[in-house]
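Because the structure is predicted, anything quoted here is derived from the model rather than measured.
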Amino acid sequence: MRVPVMTIAAAVFVAPLPALAQEARPVDETELATAEIEATLKNPAMQAAVAEGIAAASEVLLDVPLAPLARAVAEAAGEDPDAVDPRMTMRTVSPDAQDVPDKVREAMPRMMGAMGSMAGGIGAMMPALREMAERMRAAIETAGAAPRY
């Protein structure tokens with residue numbers, strides 16, 4: 001268990017280094033953070049671990065008893081709460097829910113990769129956003145100094 005965790009940690013810290021070496025301008029903490037987030041979210045081992053964890057959690061949720069909640073809803077609706085199946089779970093109410101863990105395993109890596117790409121895009125946009133903010137600040141200061149009519 002230690003080896004995969006150490007490998008992931010090393011990848012998170014080493015992945016942004018080539019990009020930093022190519023930069024001529026200083027890189028700030030926000031850009032470093034987005035590069036680390038991107039590397040972590042795009043790491044296949046991390047994606048697989050998160051997907052498996054969420055799939056396992058969704059598997060457990062399929063068997064959580066729903067009868068107490070369903071009885072309360074039935075009573076609030078003026079129906080007979082004793083008519084609710086005491087063995088009611090998400091698995092028994094919605095048989096299609098059985099597919100959720102496998103769908104999570106399939107979709108989670110793709111979603112994490114997309115989130116990683118978005119983080120990288122935000123990091124790449126930071127210099128332009130800073131420049132835009134400076135230009136807006138200058139424009140506001142100039143507008144404030146102009147005479148009012």
Side-chain angles (χ1 to χ4, degrees), residues 1-77 79 81 84-144:
M1 182 65 184
R2 288 184 183 177
V3 174
V5 171
M6 294 170 79
T7 303
I8 290 168
V12 166
F13 289 109
V14 174
L17 292 180
L20 294 176
Q22 296 172 359
E23 299 271 340
R25 61 176 181 70
V27 178
D28 76 351
E29 291 179 25
T30 304
E31 291 172 71
L32 287 174
T34 57
E36 288 176 13
I37 292 168
E38 178 181 21
T40 301
L41 290 174
K42 288 184 148 188
N43 182 311
M46 179 64 75
Q47 292 172 350
V50 170
E52 195 56 42
I54 294 175
S58 64
E59 183 72 38
V60 170
L61 288 173
L62 290 175
D63 295 319
V64 170
L66 298 178
L69 178 62
R71 280 191 196 103
V73 170
E75 189 172 342
E79 299 173 6
V84 173
D85 180 1
R87 295 168 293 145
M88 178 187 284
T89 64
M90 186 61 71
R91 193 182 306 273
T92 61
V93 171
S94 177
D96 291 341
Q98 184 74 23
D99 300 334
V100 169
D102 289 333
K103 289 179 179 180
V104 166
R105 281 185 193 94
E106 179 184 318
M108 187 57 60
R110 184 177 63 250
M111 291 187 308
M112 288 178 69
M115 290 187 301
S117 294
M118 286 189 283
I122 290 170
M125 289 173 53
M126 288 309 295
L129 293 171
R130 277 193 199 86
E131 180 184 338
M132 179 187 70
E134 287 300 319
R135 289 171 54 195
M136 288 177 69
R137 181 179 295 125
I140 290 169
E141 287 173 2
T142 301

Identify the two heavy atoms, one from [X] and one from [Y], that lie closest to each other, and give their separation to 0.1 Å.
{"X": "Glu38", "Y": "Gly120", "result": "OE1-CA, 3.3 Å"}
{"X": "Pro127", "Y": "Glu31", "result": "CG-OE1, 3.9 Å"}
{"X": "Val93", "Y": "Met88", "result": "CG2-CG, 3.3 Å"}
{"X": "Pro81", "Y": "Ala74", "result": "CA-CB, 4.1 Å"}
{"X": "Ala97", "Y": "Pro101", "result": "O-CD, 3.9 Å"}

Would you call [X] and [Y] a side-chain contact if the rule is heavy atoms closer than 4.5 Å?
{"X": "Val84", "Y": "Pro68", "result": "no"}
{"X": "Arg87", "Y": "Pro65", "result": "no"}
{"X": "Met126", "Y": "Thr34", "result": "no"}
{"X": "Met46", "Y": "Leu41", "result": "no"}

Arg91/Glu59 salt bridge by N-O under 4.0 Å criterion: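 Salt bridge flag = yes for Arg91 with Glu59.
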
Is it true that Glu106 and Lys103 make a salt bridge, defined as a side-chain N closer than 4.0 Å to a carboxylate O?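 Between Lys103 and Glu106 there is no salt bridge, as every charged N stays at least 4.0 Å from the carboxylate O atoms.
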
Distance-only, no hydrogens or angles: does the Glu52 side chain make a donor-acceptor pair with backbone N or O of Arg105 under 3.5 Å?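 Here the side-chain-to-backbone pair does not exist.
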
Is the backbone of Met90 close enough, under 3.5 Å, to the side chain of Ser94 for a donor and an acceptor to pair up by distance?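 Judged by distance alone, no pair lies under 3.5 Å.
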
Give the C-alpha distance, both sets of side-chain angles, the deciding distance and a yes or no for side chain to side chain contact (heavy atoms under 4.5 Å, CB included) between Met108 and Gln47. CA-CA 7 Å; Met108 187 57 60; Gln47 292 172 350; over 6 Å; no

How long is the span from the [atom1] atom in [X] to the [atom2] atom in [Y], to the nearest 0.5 Å?
{"X": "Ile54", "Y": "Leu61", "atom1": "CD1", "atom2": "CG", "result": "11.0 Å"}
{"X": "Thr30", "Y": "Ile122", "atom1": "OG1", "atom2": "CD1", "result": "11.0 Å"}
{"X": "Lys42", "Y": "Ile37", "atom1": "NZ", "atom2": "CD1", "result": "13.5 Å"}

Check Met136, Glu131, Arg137 against Glu134 for a side chain to side chain contact (heavy atoms under 4.5 Å, CB included) and give me the one that passes.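 One option only clears the test, and that one is Arg137.
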
